[in-house]
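Notes follow once the structure below has been shown.
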Amino acid sequence: MVNILTTDKIAKIIHAEKCRGKKTLKMKVQQIEFFKDKRPKIFLQTIGLPEVENYLTKNGYSFEYEKNDKQVSVGYDMRGIIKKCTERNLKTTTLIIKW
C-alpha cells in the first residue's frame with residue numbers, strides 16, 4: 001500500500017492534535033515484513049516526505065524518525081498467565097512531530 005502525504009494533510013492532522021491538547025504526533029510512514037523467500041508480506045510506503053519535512057522545518061516544528069525491527073505479541077489466558085509469545089520480523093519507521 002502506498003500512502004501519499006501532502007503538506008495540507010499534515011497541517012490538518014497537526015491542527016486536530018493541537019485541538020485535543022497533545023504536544024506530539026506519531027505517524028507510521030513505512031512498514032515492511034517479508035516471507036521466508038524474501039517476498040514482501042506487509043508493505044506500507046509513504047510518498048512526499050521531503051516536502052513534508054521542508055514544511056515542518058519552515059513552520060518551526062521539530063521531527064525525528066523512530067525505527068523498530070521487531071514486534072512482539074503476547075497472549076494471556078484467563079488467569080493472567082502468558083499463554084503464547086510470538087515475535088515478528090516487522091521493520092517499522094515512525095515519524096514523530098513535536099511542537
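Inter-residue side-chain proximity for I13 and L25 is flagged as met; some heavy-atom pair is nearer than 4.5 Å. Between N89 and F34, the closest side-chain pair of non-hydrogen atoms is not below 4.5 Å.
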Q: Before giving the answer on side chain to side chain contact (heavy atoms under 4.5 Å, CB included), spell out for E66 and N68 the whole-Å C-alpha distance, their side-chain angles and the decisive distance to 0.1 Å.
A: CA-CA 7 Å; E66 178 183 79; N68 295 320; 4.0 Å; yes
**Q.** Criterion side chain to side chain contact (heavy atoms under 4.5 Å, CB included) on K28 and T92, from CA distance to verdict
**A.** CA-CA 7 Å; K28 190 185 318 179; T92 306; 3.9 Å; yes
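Summarising the geometry, atom NZ belonging to K58 is positioned 12.5 Å from atom CD belonging to E53; distances are rounded to the nearest 0.5 Å. Considering OH of Y55 and CZ of F63, their distance stands at 13.0 Å, rounded to 0.5 Å.
Note on V29: it does not cluster hydrophobically with I42, by side-chain heavy-atom contacts below 4.5 Å among ILVMFWY residues. Grouping the Ile, Leu, Val, Met, Phe, Trp and Tyr side chains by contacts below 4.5 angstrom, directly or via other members, places I47 apart from I10. Hydrophobic clustering (ILVMFWY, side-chain heavy atoms < 4.5 Å, transitive): I14 and L49 are in one cluster. Linking Ile, Leu, Val, Met, Phe, Trp and Tyr residues whenever their side-chain heavy atoms come within less than 4.5 Å leaves L44 and M27 in two separate clusters. In terms of hydrophobic clustering, with Ile, Leu, Val, Met, Phe, Trp and Tyr side chains grouped at heavy-atom distances under 4.5 Å, I96 and L56 are assigned to different clusters.
Judged as a side-chain hydrogen bond (donor to acceptor under 3.5 Å, both in side chains), the pairs with a partner in residues 32-49 (not counting sequence neighbours) are, in order, Q30-Q45, E33-R88, D37-R39.
When the side-chain contact (heavy atoms from CB on, under 4.5 Å) test is applied to K9, the partners found at least two apart in sequence or on another chain are L5, T6.
Nearest approach of K18 to W99, heavy atoms of both residues: CG-NE1, 3.5 Å. Of all heavy-atom pairs between F35 and P40, the closest is CE1-O, 4.0 Å.
Remark: side-chain polar atoms of D77 are paired, donor with acceptor, to backbone N or O of G80 under 3.5 angstrom.
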